[in-house]
Undergrad: 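Below: one structure in structure tokens.
By convention here, the first residue in the shown sequence is residue 1. Whatever order the structure lists them in is the order used to number ligands and atoms, beginning at 1. Keep in mind it's a predicted model, so treat the numbers as computed, not measured.
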Amino acid sequence: MNSSEKAPIGVIGVGWVGLVTAACFAELGHPVIARDVMAEKVDSLNRGEVTIHEPGLGELILKNKDRLTFTTDMDELLEGAKLLFVCVDTPPTYSGDADLSRVRSVVADLRADGDHVLIMKSTVPAGTGETIRRDLPGMAYVSCPEFLKEGSAVEDFLHPDRVVVGADPADSEAAAAVAALYEPLGGEIVLTDISSAEMIKLASNAYLATRISFINEIANVCEEVGADVGEVARGMGLDDRIGPHFLRPGIGFGGSCFPKDVNALKLLAGNSGYHFQLLNSVIEVNELQKRRVVSKLTKHLGSLVGRRVALLGLAFKPDTDDMREASSLVLSARLRGEGAEVVAFDPVAMDNARSLLPGVEMKETALAALENADAAVLVTEWSEFRELDWDGAAARMRRPLIIDGRNFLDADKLHESGFTYEGIGRPGVGTETE
Ligand code: UDX
């Protein structure tokens with residue numbers, strides 16, 4: 001290899017994290033060989049078909065296709081690359097603990113030849129890496145947790161705030177090699193031990209989730225005392241010690257990481273004999289927050305039996321088709337439980353949502369969902385909802401009432417269109433109740 005050639009990268013598990021990792025290292029000039037057990041997925045990726053909805057990812061894969069190989073063959077991967085990123089799923093089990101079976105099966109498939117470096121991107125309970133390292137003598141082990149956000153994963157990868165690299169002192173050469181891969185990206189590199197690296201990931205997500213539950217409770221108090229949580233968050237965020245991010249109130253956090261990681265950290269603590277009391281409240285506040293819309297609706301409509309409620313947005317956040325732990329799941333079940341008819345529109349998540357939301361009628365456009373509705377609930381803040389023909393929407397609805405679950409819409413503009421508007425933790429407009 002001459003000095004201008006970049007080290008080949010191996011990626012194990014081509015889900016969302018693996019695919020972003022593979023595409024971005026290829027973009028940085030590395031030959032990348034990515035392995036997955038699902039032959040169908042590998043075939044379609046080799047044909048250039050990307051089924052994951054992630055802005056910029058398809059383009060990046062196409063642009064770097066000459067540097068990207070997808071395979072099902074572990075031997076091909078081990079021959080092709082020394083630096084192996086493990087990006088397999090660690091979903092929650094029934095007990096809420098992380099399911100490490102896929103990580104274990106990858107480890108079982110590896111040949112420890114003293115030359116490879118196993119780099120763990122999958123989120124695992126603190127302490128896992130040390131155990132794997134002991135099971136894999138002859139292979140260096142580095143923990144390098146991912147902090148990518150869905151919808152901006154490519155951007156996050158290429159411009160990280162920080163990169164965490166955890167290794168045993170005996171593997172310091174491997175840690176330096178991993179750090180060197182990320183150096184061109186400019187984020188601060190945190191060199192630390194394996195368990196601390198694992199804890200940084202869990203603690204970061206649990207802290208961000210805590211901020212959201214905190215601001216959601218502040219919003220709920222604002223409603224009681226007539227304050228505006230937007231103003232409160234703005235004033236708080238200007239304090240350097242607090243900062244402005246992750247203080248947006250709403251109808252709860254969702255997604256594949258926050259709910260899972262908060263619970264996993266709570267259980268990790270519990271399994272180790274420590275009762276992490278604060279996280280119980282973070283989870284409970286989030287569960288209750290998803291349901292508050294129901295009481296907002298009954299305040300205006302009385303009984304919801306036979307009322308038609310239109311949900312605008314279903315995905316757990318905008319710019320993704322991901323429905324995992326989306327607030328829309330709990331909310332629509334609660335509404336149906338109250339006897340309401342639920343109709344919905346989401347720009348990209350409806351295909352994924354259909355099987356998860358039996359009995360919810362999906363419509364092809366937002367306006368079609370609003371036809372004859374007694375109320376609309378903005379669940380996901382897709383930018384196109386700002387541009388909606390709200391005059392036309394008001395005319396189509398049986399009653400122009402909107403609950404803005406993300407404080408995303410312009411309350412005054414909606415009022416001009418004839419709407420009664422209510423957000424989260426801020427004064428409503430035209431909210432005289434019956
Ligand atoms: C998150 C972490 O941000 C990322 O670092 C980690 O690797 C994976 O988990 P992601 O799940 O893609 O990323 O979504 P994120 O943008 O962080 O939002 C998570 C949830 O919190 C969404 O449901 C969002 O609507 C909600 N949220 C976020 C709020 O309710 N208020 C906020 O202020 C911010």
Undergrad: Should the ring pair Y182 and F85 be called parallel, tilted or perpendicular, given that the plane angle runs from 0 to 90° and is split at 30 and 60?
TA: perpendicular
Undergrad: Does R386 count as lying over the ring of F408, i.e. NZ or CZ under 6.0 Å from the six-ring centre, within 45 degrees of the axis?
TA: yes
Undergrad: Can you name the residues that come within less than 4.0 Å of ligand 1, going by heavy atoms only?
TA: E146, F147, L148, K149, E150, K201, N205, I212, F246, L247, R248, F253, G254, C257, F258, F316, K317, R406
Undergrad: After noting the C-alpha distance and the side-chain angles of N352 and D322, does the key distance pass the side-chain hydrogen bond (donor to acceptor under 3.5 Å, both in side chains) rule?
TA: CA-CA 7 Å; N352 289 344; D322 198 338; over 6 Å; no
Undergrad: Looking at V429, T420, L409, which hits side chain to side chain contact (heavy atoms under 4.5 Å, CB included) with L414?
TA: L409
Undergrad: Can we call the ring centroids of F157 and F25 under 6.0 Å apart?
TA: yes
Undergrad: Between the side chains of E223 and K296, is the shortest nitrogen-to-carboxylate-oxygen separation below 4.0 Å, so that they form an ion pair?
TA: yes
